[in-house]
Amino acid sequence: MAYSDKVVDHYENPRNVGTLDKNAQEVGTGLVGAPECGDVMRLQIKVNPDTQVIEDAKFKTFGCGSAIASSSLATEWVKGKTIDEALAISNTEIVKELALPPVKIHCSVLAEDAIRAAIGDWKKKNVGAEELAAAAH
Ligand code: FES
């Protein structure tokens, strides 16, 4: 199967590969796996506490070329966005941007899941206890 030029570009020159300190208050970490193939993706965000803008993002992906390209693209897209804007990113946009074929759609779902998991982790650390209690009722 042929990869699109954009997938090859992200695969050969992945953006934002690396690790942020997962114990830092302003960092959210998402670790997700694809049951279809066993590939694993970790995506981390660093959020400005005052503005809720994502100032940095890093990823590490043990997976296929499309998963690496999807996570590389995801880190590019979330940077500079607020938490709410980043939550609006959907895998279909990734599929479109990278021209992924149907058998590779789950690779983009993994990237969407990783963004959501990273934001969820950040919220757990940073949303006040009262707010969590309020949300539970
Ligand atoms: Fe499973 Fe791509 S083949 S993430």
Side-chain angles (χ1 to χ4, degrees):
M1 185 197 63
Y3 283 114
S4 73
D5 290 349
K6 279 185 180 160
V7 171
V8 172
D9 177 38
H10 277 279
Y11 180 74
E12 288 184 344
N13 310 292
R15 320 323 185 239
N16 308 311
V17 173
T19 307
L20 299 170
D21 176 9
K22 70 173 171 27
N23 296 318
Q25 175 84 14
E26 67 275 17
V27 171
T29 300
L31 182 64
V32 293
E36 292 88 342
C37 58
D39 290 351
V40 176
M41 185 180 290
R42 187 188 66 201
L43 191 144
Q44 296 182 293
I45 53 171
K46 182 170 173 235
V47 183
N48 182 307
D50 300 323
T51 60
Q52 301 214 335
V53 168
I54 298 170
E55 293 181 330
D56 201 4
K58 298 275 185 215
F59 81 93
K60 263 197 178 165
T61 294
F62 302 94
C64 71
S66 298
I68 291 170
S70 296
S71 42
S72 171
L73 183 66
T75 56
E76 280 197 320
W77 278 359
V78 298
K79 269 203 215 180
K81 285 195 165 67
T82 63
I83 287 290
D84 287 341
E85 288 167 348
L87 273 177
I89 295 172
S90 87
N91 82 293
T92 51
E93 296 169 79
I94 296 172
V95 168
K96 217 168 132 206
E97 174 71 16
L98 296 175
L100 296 179
V103 295
K104 290 287 170 181
I105 286 176
H106 77 270
C107 320
S108 69
V109 172
L110 202 54
E112 182 188 313
D113 288 350
I115 295 172
R116 286 170 195 274
I119 291 174
D121 182 54
W122 177 83
K123 280 193 172 164
K124 236 194 288 164
K125 281 184 185 169
N126 289 278
V127 175
E130 321 83 71
E131 278 178 65
L132 279 180
H137 291 114

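First listed ligand is number 1; within each ligand, the first listed atom is number 1.
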Chi angles and distances behind the side chain to side chain contact (heavy atoms under 4.5 Å, CB included) call for Leu100, Ser4: CA-CA 7 Å; Leu100 296 179; Ser4 73; 5.8 Å; no
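Scanning the protein heavy atoms around atom 4 (S) of ligand 1, the nearest turns out to be Asp39 OD2, 3.2 Å.
In terms of modelled atom types and a separation under 3.5 Å, the side chain of Lys81 and the main chain of Trp77 share a donor-acceptor contact.
A side-chain donor from one of Thr29 and Gln44 sits under 3.5 Å from a side-chain acceptor of the other. Side-chain contact of Arg42 with Ser71: a donor-acceptor pair under 3.5 Å is absent, judged by distance alone. Side-chain contact of Asn126 with Gln25: a donor-acceptor pair under 3.5 Å is present, judged by distance alone.
Which parts of ligand 1 touch Ala67 is read off a 4.0 Å heavy-atom cut-off, strictly below it: atoms 4 (S). Near Lys104, the atoms of ligand 1 lying under 4.0 angstrom from a non-hydrogen atom of the residue are 3 (S).
Atom 1 (Fe) of ligand 1 lies at the vertex of an angle of 100° between the NE2 atom of His106 and the SG atom of Cys37 (rounded to 10°).
Taking 2.8 Å as the threshold, Cys64 does not count as a candidate ligand of atom 1 (Fe) of ligand 1, since none of its N, O or S atoms lies below it. Residue Cys107 does not count as close to atom 1 (Fe) of ligand 1, with no N, O or S atom under 2.8 Å.
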